[in-house]
Amino acid sequence: MKKNFMCTHTWASEEAKNLFFEQSAEMTDRQMFDGMRTDRAELLANWMGKEEFFYCHWLAESEDAIFEALDKLGLNEVMVSMPHEMPRFVTHDNIKDEILENPYE
């Protein structure tokens with residue numbers, strides 16, 4: 001069963017960051033999402049600014065499944081990633097009027 005994960009990333013080095021943007025300069029959003037999908041993990045959202053860290057929302061079987069998806073594209077070589085399972089995942093566009101899950105139980 002796949003679960004929601006929030007993943008914090010940072011670049012392995014300034015050189016790695018520059019290489020990533022050189023190699024992905026023509027990449028579309030569709031290509032990014034298609035490339036970050038395996039049977040065990042899929043990227044759902046990405047937030048990136050100019051700060052040191054950027055963030056991704058994954059639907060995956062496990063942390064290892066996320067690392068495997070990143071490794072498929074060689075991204076474990078250019079970034080350091082820290083996935084965290086998020087048992088509570090709610091969005092304003094998917095209101096269910098259900099009691100919120102307590103992730104500590």
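Remember, it's a predicted structure, so these values are computed and weren't measured experimentally.
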Answer yes or no: is there a donor N or O on one side and an acceptor on the other, between the side chain of Lys17 and the main chain of Thr10, under 3.5 Å? no
Nearest-0.5 Å distance that lies between atom CG in Leu44 and atom CZ in Arg37: 9.0 Å
Hey, what do you get for CE (Met79) to OG (Ser13), rounding to the nearest 0.5 Å? 11.5 Å
Let me confirm one number: the CD1-CD distance from Ile66 to Glu42, rounded to the nearest 0.5 Å. 11.0 Å
Could Arg40 and Glu61 be called an ion pair, given the rule that one side-chain N must be under 4.0 Å from one carboxylate O? yes
Do Phe54 and Leu75 land in one hydrophobic cluster if side-chain heavy atoms of ILVMFWY residues count as linked below 4.5 Å? yes
Is the number of heavy atoms from other residues, nucleotides or ligands under 6.0 Å of Arg30 CZ greater than 12? no
Answer with yes or no after comparing the ring centroid distance for Phe21 and Trp11 against a 6.0 Å cut-off, counting only values under it. yes
Is Phe67 linked to Met6 within one hydrophobic cluster, defined over Ile, Leu, Val, Met, Phe, Trp and Tyr using a side-chain heavy-atom separation of less than 4.5 Å? no
Do Phe33 and Leu70 share a hydrophobic cluster (ILVMFWY, side-chain heavy atoms under 4.5 Å, transitive)? yes
Derivation and outcome, side chain to side chain contact (heavy atoms under 4.5 Å, CB included), residues Val80 and His9: CA-CA 6 Å; Val80 177; His9 306 279; over 6 Å; no
Tell me, do Phe89 and Glu101 make a side-chain contact under 4.5 Å, heavy atoms counted? no
Short side-chain donor-acceptor distance under 3.5 Å, Thr91 and Asp93: yes
Give, for atom OG1 of Thr38 and atom NZ of Lys72, the distance between the pair rounded to the nearest 0.5 Å. 6.5 Å
I'd like to know if the side chain of Thr28 and the backbone of Gln31 have a donor-acceptor N/O pair within less than 3.5 Å. yes
Output for pair (Cys56 SG, Met32 CE), nearest 0.5 Å, gives 7.0 Å
Within a strict 4.5 Å, meaning less than it, do heavy atoms of the Lys2 and Trp58 side chains meet? no
What about Leu73 and Leu43, same hydrophobic cluster or not, with Ile/Leu/Val/Met/Phe/Trp/Tyr joined at side-chain heavy-atom distances under 4.5 Å? yes
Looking at every non-hydrogen atom in both residues, tell me the closest pair between Ala65 and Ala41 and how far apart they are. O-CB, 3.6 Å
Side chain to side chain contact (heavy atoms under 4.5 Å, CB included) for Lys3 and Leu59? Distances and angles first, verdict last. CA-CA 5 Å; Lys3 303 168 269 189; Leu59 190 61; 5.8 Å; no
Quick check: are there more than 12 heavy atoms from other residues, nucleotides or ligands sitting under 6.0 Å from CG of Asp39? no
Shared hydrophobic cluster, Met82 / Phe5 (ILVMFWY, side-chain heavy atoms < 4.5 Å): no
